[in-house]
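All ligand and atom numbering here is 1-based and tracks the order in the structure.
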Amino acid sequence: MTTSNSKAAFEKAQSVIPGGVDSPVRAFKSVGGTPIFIERGEGAYLVDVDGNRYVDFVQSWGPLIFGHCDKTIEFAVMDAVTKGLSFGAPTEVETKLASKICDMFESIDKIRFVSSGTEAVMSAIRLARGYTGRDDILKFEGNYHGHSDSLLVQAGSGAVTFGTPSSPGVPADLTKHTLLAKYNDIESVKKCFANSSDIACIILEPIAGNMGLVPADEKFLQELRTLCDENGTLLIFDEVMSGFRASLKGAQGLTSVIPDMVTFGKVIGGGMPVGAFGGKLNIMNKLSPDGPVYQAGTLSGNPVAMHAGMASLEKILEEKDLYSGFEAKAKKLVAGFKNAAKDNGIALQVDVRGSMFGFFFNENEVKNFDDALKSDTDTFAKFHQGMLNEGFYFACSQYETGFICAAMTDEMIEDCIKAAQKVMKEIK
Ligand SMILES: *Cc1c(COP(=O)(O)O)cnc(C)c1O
C-alpha cells in the first residue's frame, strides 16, 4: 500500500494549517504515522487520495449512521440546497425535526438547534446555571463535552475537587466552578456535593465514548438522579455521541433514569453540522427569547443541515431492526477481536452498545478514566497501523469509540476479523 499522495498532502497542509488538520484527533499523533487524506466516501468505504479503499469504522466520528453518500440524505440535501443555503429566519423543517425528537424522548418538551456538539453543551450548561441560579457544575474525568472553556479541565493536584485548566488559554477563574468526579464512582460525586452547595448541574456521557467505550452502570445513573433530586441539581445527559447510536433513543433507550436536559450532535445532523439541546418545559422556558438566558446563532437550524438531519432520522425510524442489526455486527466484530487477541496472548477488553463498540488493550475491565489510561497504547498503535495496511480504518487513538454503519455487511465484518487475526499475530 502506498500513501505518498497523503504524505504530500499532509506536508502542504502543515504549512498553512496548524498540525495540518482542523481538529487535533485527525493528526495520527498517538499512533505515529501521518493522516490519510480522503478523496471520497462510498457507503461503508473511504477512498484516499492514493486510491486505497478502507472499511471505515470511524464514520466521521459517529454522524454517518447510514455510511457515506446515503442516497436518501443526499437527495434531501440537494433539494434543500436549490432553495437557498441559509435565511436567518425560521423554516418549517426545524419544527418538524423538533417535533420528532420531542415525541421520542420523555425528557424533552422543547429543543433548540445549534451548529455543533460543543455549542449544544455550552448552551445547556448556561441554561442550567441560569435556571438554578448556581455557578458550579460537575463533570467526570475522561468524559468529553466539547472544547468550551469551563469544560477543559483536568484533576488538580491532590484529591478530586475543583478542576484546573487542561489547556493554556483557559483562565483558572473559569474552571474553578467545574468540579471533577470519577466516572462510575458515586462516592467521588458525594464528595463534590459535600464541598459545594452551589452545583447547578451534573453533566455526563451516560455511555462514555471519548475515553474509549465505557458505559455508566445503571446503579450509578440512578444514584446520580437521586443526588440531583436531593440537591436541586439538574442532570444533563450529553448524548452528542450516544444519541441515535447506542439505541434508537441513545443511552436513554437503555436506562430507566430520566435526565432534566439532553444534548445531541453528530447523528442528529446526518453528516451536516448540527447540535441541539433540549429538556423539560420549565427549564427550556428560561431560554431567550421566552426567558432571560441568552443564546443565539446565525446559522442555527440551518435549513440544509436540518433537512439532512430530518432525512436521517426518518430513515432511522423507518428501519425496524436497524439497531439489533448494528449490535449483532458490533458484537461479532469485537468477539472476533477478542478471540484473535486470546490466540496470541494479548489482553483485550471489549464492549458494545448498539452501533458503538470499543476495545482496550488492557488486562482489566475499564470502568473509569484511570482504568482506561492503563491500556497499552503501543500495542494499539501497532494494531492500528496493521489494520490500516489491511484496508480497515479505525480511529487513530486507543481512547475512541468505533462505529458500525448500515452499509456494512457481514462479509466486511468477517474480513475485518481475519485481518485482525493476522495483525495480532504480527504484533504479539
Ligand atoms: C463529539 C462530542 C462533543 C462535541 O461535539 P462537536 O460537534 O465536536 O463540537 C460533545 N460531547 C460529546 C459526548 C461528544 O462525543
### For Ser116, atoms of ligand 1 separated by under 4.0 Å from a heavy atom
7 (O), 9 (O)

## Note on the structure
Note: ligand 1 atoms sitting under 4.0 Å from heavy atoms of Glu205 are 13 (C)

### Message
On a heavy-atom basis, I'd like to know which of Met241, His147, Lys266 is closest to atom 1 (C) of ligand 1.
### Response
Lys266

### Query
Is it true that the side chains of Asp79 and His307 contain a donor and an acceptor less than 3.5 Å apart?
no

### Summary
Note: Asn210, heavy atoms under 4.0 Å from ligand 1, region reported as side chain

### Task
Run the numbers on Ser324 and Glu327 for side-chain hydrogen bond (donor to acceptor under 3.5 Å, both in side chains), then give the verdict.
CA-CA 5 Å; Ser324 52; Glu327 187 149 316; over 6 Å; no

### Task
Tell me which one of Val274, Asp238, Asn143, Ile203 gets a heavy atom nearest to atom 11 (N) of ligand 1.
Asp238

### Message
Quick check on Glu239 - does any of its heavy atoms sit under 4.0 Å from an atom of ligand 1?
### Response
no

### Task
Provide, to 0.1 Å, the distance between atom 5 (O) of ligand 1 and the closest protein heavy atom, together with that atom's residue and name.
Gly117 CA, 3.2 Å

### Message
What verdict does the salt bridge (charged side-chain N to carboxylate O under 4.0 Å, His left out) test give for Lys219 and Glu223, after you've listed the backbone C-alpha separation in whole Å, the side-chain angles of each residue and the deciding distance to 0.1 Å?
### Response
CA-CA 6 Å; Lys219 181 153 178 275; Glu223 288 174 321; 3.6 Å; yes

### Message
So, regarding Tyr144 and ligand 1 (criterion: nitrogen or oxygen to nitrogen or oxygen, under 3.5 Å), is there a contact or not?
### Response
yes

#### Entry: Asp238 and its side chain to side chain donor-acceptor pair (under 3.5 Å) partner, picked from Asn143, Asn210, Thr263
Thr263

### Message
Just verifying a value: how many Å separate Ile36 CD1 and Tyr393 OH, rounded to the nearest 0.5 Å?
### Response
7.0 Å

### Task
Measure the distance from atom 4 (C) of ligand 1 to every protein heavy atom, then report the residue, atom name and distance (to 0.1 Å) of the closest one.
Thr118 N, 3.6 Å

### Any N/O pair Val240/ligand 1 closer than 3.5 Å
no

### Query
If we ignore angles and hydrogens, is there a donor and acceptor under 3.5 Å between the side chains of Ser196 and Asp136?
yes

## Note on the structure
Rounded to the nearest 0.5 angstrom, the CD1-CG distance for Ile108 and Leu281 is 13.0 Å

